[in-house]
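A short write-up of the structure that comes next.
Remember, predicted model here, so these are calculated numbers, not experimental data. Sequence lines set the chain letters: A, B, ... in the order given, protein chains first and strands last, and positions in each chain run from 1.
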Amino acid sequence: DVKVTQSSRYLVKRTGEKVFLECVQDMDHENMFWYRQDPGLGLRLIYFSYDVKMKEKGDIPEGYSVSREKKERFSLILESASTNQTSMYLCASSLTGARKAFFGQGTRLTVV
Amino acid sequence: QKEVEQDPGPLSVPEGAIVSLNCTYSNSAFQYFMWYRQYSRKGPELLMYTYSSGNKEDGRFTAQVDKSSKYISLFIRDSQPSDSATYLCAMSATRSNNNDMRFGAGTRLTVKP
């Protein structure tokens with residue numbers, strides 16, 4: 001069974017903390033994504049990676065960075081968490097040329 | 001104006017009803033149209049995928065795309081309580097790595113027994 005696993009289901013962090021969200025996929029997919037999901041706004045792409053050490057900004061990259069040191073792992077970093085980054089974060093992966101994206105179960109992050 | 005518009009609902013129907021979910025879009029370059037289903041506290045899962053215009057049927061689900069109107073629909077026949085979920089439309093243009101995929105806000109559906 002193919003899997004995208006996010007390290008935490010729920011996180012509570014304080015304003016100003018550095019936050020790491022980890023994602024691992026076991027499907028050998030080239031492409032990995034980080035989205036945030038907010039009510040009324042749907043999924044918005046934060047960052048995308050198409051290969052190890054390669055990354056591209058999505059629609060809302062401000063306040064975030066990413067790391068992809070291994071093909072199976074894609075990390076999202078909130079350099080200095082703020083309350084407006086309270087959201088559901090979803091990691092996804094896909095094969096190049098395939099339209100199907102596989103999603104993790106999500107991490108609900110609350111910044112207080 | 002958002003690239004993809006989707007009525008967030010919520011939509012509540014009795015078991016056995018026909019459900020119609022819709023999205024409109026503004027980017028005429030979109031060619032690939034997807035419907036994802038997201039159960040509560042889970043990530044989205046691909047339900048249906050259509051390329052360009054036309055219909056596609058899979059069991060109780062039918063996806064329709066009308067590119068001339070920039071309008072896509074998902075129909076659910078004989079709806080079941082297990083269909084209760086949020087349905088997200090998604091669409092992309094030409095990039096093979098999906099980084100141009102755009103999502104609607106999602107419609108929350110409840111099917112009552």
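If you check the side chains of B:Ser53 and B:Asp66, you find no donor sitting under 3.5 Å from an acceptor. Side-chain atoms of B:Gln80 and B:Asp78 include a donor-acceptor pair closer than 3.5 Å. Inspection of the A:Arg73 and A:Ser67 side chains reveals no N or O donor paired with an N or O acceptor under 3.5 Å. Between the side chains of A:Arg108 and A:Tyr89, no donor N or O sits under 3.5 Å from an acceptor N or O. Side-chain contact of B:Thr107 with B:Asp7: a donor-acceptor pair under 3.5 Å is absent, judged by distance alone.
Between B:Lys112 and B:Glu15 there is no salt bridge, since no side-chain N of the basic residue sits under 4.0 Å from a carboxylate O of the acidic one. B:Arg102 and A:Asp59 are joined by a salt bridge, as a carboxylate oxygen and a charged side-chain nitrogen come within less than 4.0 angstrom of each other.
Proximity to chain B (any heavy atom under 4.5 Å) is shown, for A:Leu43, by both the backbone and the side chain. The part of A:Glu56 that comes within reach of chain B is its side chain, from C-beta onward, which places non-hydrogen atoms under 4.5 angstrom from that chain. Looking at A:Gln37, only its side chain comes within 4.5 Å of chain B, counting heavy atoms on both sides. There is no contact between A:Ala92 and chain B, counting heavy-atom distances below 4.5 Å. Contacts between B:Gln38 and chain A at a heavy-atom distance below 4.5 Å involve the side chain alone, from C-beta outward. When heavy atoms are compared at a cutoff of 4.5 Å, B:Tyr51 does not approach chain A at all. For B:Pro44, the parts lying near chain A are the backbone and the side chain together; criterion is any non-hydrogen pair under 4.5 Å.
Chain A forms the most heavy-atom pairs under 4.5 Å with one residue out of B:Met34, B:Glu45, B:Arg41, and that residue is B:Arg41. Options A:Arg9, A:Arg44, A:Met88, A:Gln6 differ in how many heavy-atom pairs under 4.5 Å they form with chain B, and the most are formed by A:Arg9.
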